[in-house]
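Report on the structure given below.
As the structure is a computational prediction, the values presented were derived from the model and not from experiment. Along the sequence shown, the residues carry numbers beginning at 1. Just so you know, these numbers use all the heavy atoms, side chains as well, and skip hydrogens, waters and symmetry mates.
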Amino acid sequence: MARPGLAMKLHFSITAAEELRERRGGRYVLYSVCLEGFLLGKARYSQLRRWDAQLRHLFGSAVPAFPPKFYLAMTKSMADERRSQLEQYLQNVTLDSNITNSDVFIGFFRKLQQAWSLDSSCLCLTTARCHMSLFFPYLLSSCCGSYEDSSVLEQDTFEIQTQRAFLDVYLADGSNLRLDIQTSDTAQRILEVTFCKMGLSRELIKYFSLFFFQDRDDGALSVVKKVAEFELPYVSLQSMKELHCKLGIRKWYMDPSLDTQLMDCRASLNLLYIQAIQEVKRNWVKPTEGQMQELEFLQKNANKAKFLELIREMQFYGYVRLDPCICDYPEEGCSADIYVGNNEINCCIKLPTNQTKEVSFKINRLRSWQVTFLGATQDGEEDTLELRFEYNDSGTWQWIILYTKQAFLLSSCLKKMISEQMMKAAKGGQEMEIKMPESTKNRKKSSIQEKQVVHSGFISRKTFLVRPNEDNCVFEKIGEEDL
């Protein structure tokens, strides 16, 4: 079932290219395909080329250009170029929702994930390394040993046996539904089965999504990632055992007013209610003392509709809270609690003076953002990610940096907010607009408002230096336009 919405590039990356040897002595390259920092599977160029031919047969010129085949031995520079071209191809092909919703697209990634799940035990990866590579896949190139037996990987048709299994889907209150599934079931299929079991209308499925999350020892909830519709949750959970993740269902929209679309259905009302209660308990929502007393009264009387009506007025309701992280605003090394929702990134920043400063970065003043993989910190601790966004602060564009493992989740939230804004503007026959700073436009045209053009990007190589405004930057970027 296709969901309505605007097509956006997905954060695909090819983070490693391994040269392997076939049984007959020939050599080939195996590419590690990752989505939002998590390894989906590995594929050969020939497999990707056949998949492209299938897509092109169905969608013609809507399919982006596929990297050409080399008939001579590849040099290192040629191999790097191909990896980059394949990476760009995977990102560009996701711009067309007709393609991403097609059986050919979904079927390819279903089989890719199944093949990786079956084959991972043969790749000489320790369990710990395997799970570390899911968070930081650029480490694959150093973690993967040589793999001499390609008997499974040579199966270009990905003929993988599907098995029956049980899968637990958790609700916000910690209860769970146990589903009888096939290991090849996609997240979209799992969500549909969950809706059916809960008595929810299929028309409401667009307001919810599946997420991987962790219950931390201190009682906090850490959202690891949103599950893409074509991902296989059962397979992903098996490969993420060391992370102790659970699969849960949560609402997936950033505009709290959309709650009103779900109030007439008893089952969806209940989902919103139990999520709202847990967000209050986990300190995601910030009610005043008086508001808290009203909420407790309504909860005691099981008045769910009034409870939700009241909580929509409270600070941070409907937001996604990230784990505490480090930012460079207003100065380097500040710790911050990040809340994302309702068209803003809200940062509760702890300054070096131990004072707290609350800063709201409005989405309509944001022009671009990018996610970067970073190397290990100087003290040898684990690697991390950064998300930097270009923000118009009092007429001046500047880059704000957040160092967080949840950079891809934050990027997904930004996309969702922009998508909701654009859909709302389209319904009203309006355009999203932003006043450009004087320094970036002709002074004679200073009274003209220009459309906000938002770009997002992903830098797949670890680096300590980024020059986002230079065309000849040595680091590859995924430029995302026309969100």
Side-chain angles (χ1 to χ4, degrees), residues 9-22 26-56 59 61-96 99 105 108-109 112 116 123 133 136-144 146-147 150 153-154 156 368 370-375 385 455-481:
K9 285 184 181 180
L10 298 178
H11 284 125
F12 271 113
S13 59
I14 295 180
T15 55
E18 307 164 65
E19 185 178 277
L20 304 177
R21 186 164 62 245
E22 296 176 323
R27 290 187 175 274
Y28 65 95
V29 176
L30 196 64
Y31 297 96
S32 298
V33 179
C34 297
L35 177 64
E36 297 188 355
F38 285 75
L39 184 64
L40 284 182
K42 301 191 175 190
R44 299 174 63 166
Y45 172 85
S46 59
Q47 292 167 335
L48 292 166
R49 185 158 55 90
R50 276 191 285 276
W51 176 56
D52 170 75
Q54 293 175 325
L55 291 174
R56 206 166 296 280
F59 301 104
S61 60
V63 181
F66 190 77
K69 182 176 181 179
F70 295 134
Y71 292 93
L72 300 176
M74 285 194 299
T75 63
K76 183 180 183 302
S77 62
M78 293 167 67
D80 288 342
E81 181 183 7
R82 171 174 282 183
R83 186 203 62 79
S84 179
Q85 289 175 342
L86 287 172
E87 189 173 74
Q88 291 293 327
Y89 172 82
L90 289 174
Q91 296 151 23
N92 290 332
V93 81
T94 62
L95 275 174
D96 191 331
I99 293 177
F105 182 93
F108 176 80
F109 283 103
L112 185 73
W116 166 242
L123 290 178
S133 70
F136 305 104
Y138 63 79
L139 294 175
L140 280 169
S141 57
S142 60
C143 289
C144 293
S146 60
Y147 177 47
S150 61
L153 296 173
E154 286 183 290
D156 292 342
S368 63
Q370 62 190 40
V371 176
T372 308
F373 280 114
L374 300 178
L385 300 164
H455 306 264
S456 74
F458 167 60
I459 301 177
S460 60
R461 303 283 182 143
K462 62 179 180 179
T463 176
F464 299 96
L465 176 64
V466 180
R467 298 185 180 91
N469 294 322
E470 294 185 11
D471 294 334
N472 60 347
C473 180
V474 297
F475 308 112
E476 308 114 31
K477 297 179 184 176
I478 295 174
E480 182 161 35
E481 302 180 18

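For the pair Arg82 (side chain) and Pro67 (backbone), a donor-acceptor distance under 3.5 Å is absent. Using modelled atom types, one side-chain atom of Gln91 and one backbone atom of Phe12 make a donor-acceptor pair closer than 3.5 Å. Looking at Glu36, its side chain never comes within 3.5 Å of a backbone N or O of His11 through a donor-acceptor pair. Looking at Tyr45, its side chain does come within 3.5 Å of a backbone N or O of Lys69 through a donor-acceptor pair. Ser84 contributes no side-chain N or O that, together with a main-chain N or O of Glu81, makes up a donor-acceptor pair within less than 3.5 Å.
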Verdict with supporting geometry, Leu112 and Trp51, side chain to side chain contact (heavy atoms under 4.5 Å, CB included): CA-CA 11 Å; Leu112 185 73; Trp51 176 56; over 6 Å; no
Check against side chain to side chain contact (heavy atoms under 4.5 Å, CB included), Leu30 and Arg44: CA-CA 5 Å; Leu30 196 64; Arg44 299 174 63 166; 3.9 Å; yes
Evaluation steps, side-chain hydrogen bond (donor to acceptor under 3.5 Å, both in side chains), between Thr75 and Ser77: CA-CA 5 Å; Thr75 63; Ser77 62; 3.1 Å; yes
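Distance check: Leu10 CG to Asn92 CG gives 11.5 Å after rounding to the nearest 0.5 Å. Atom-to-atom distance recorded for Leu374:CG and Leu385:CG is 7.0 Å, nearest 0.5 angstrom.
Aromatic pair Phe105/Phe59: centroids not less than 6.0 angstrom apart.
A cation-pi arrangement is not found for Arg56 relative to Phe66, the charged atom failing to lie both closer than 6.0 Å to the ring centre and inside a 45° cone about the ring normal.
Smallest separation of non-hydrogen atoms from Glu22 and Tyr28: CG-CD2, 3.3 Å. When every heavy atom of Val33 is checked against every heavy atom of Leu39, the shortest pair comes out as O-CD1, 3.6 Å. The two residues Thr15 and Cys34 come nearest to each other via the heavy atoms OG1-SG, 3.5 Å. Heavy atoms only, all atoms of each residue included: Leu55 and Ile99 are closest at CD2-CG2, 4.0 Å. Counting all heavy atoms, side chain and backbone alike, Ala43 lies closest to Leu48 at CB-CG, 4.2 Å. Closest of all the heavy-atom pairs between Ile14 and Arg83 is O-NH1, 2.5 Å.
Residues Leu20 and Arg27 have side chains not in contact (no heavy-atom distance under 4.5 Å, counting atoms from C-beta outward). The closest side-chain heavy-atom distance from Tyr31 to Leu90 is not below 4.5 Å.
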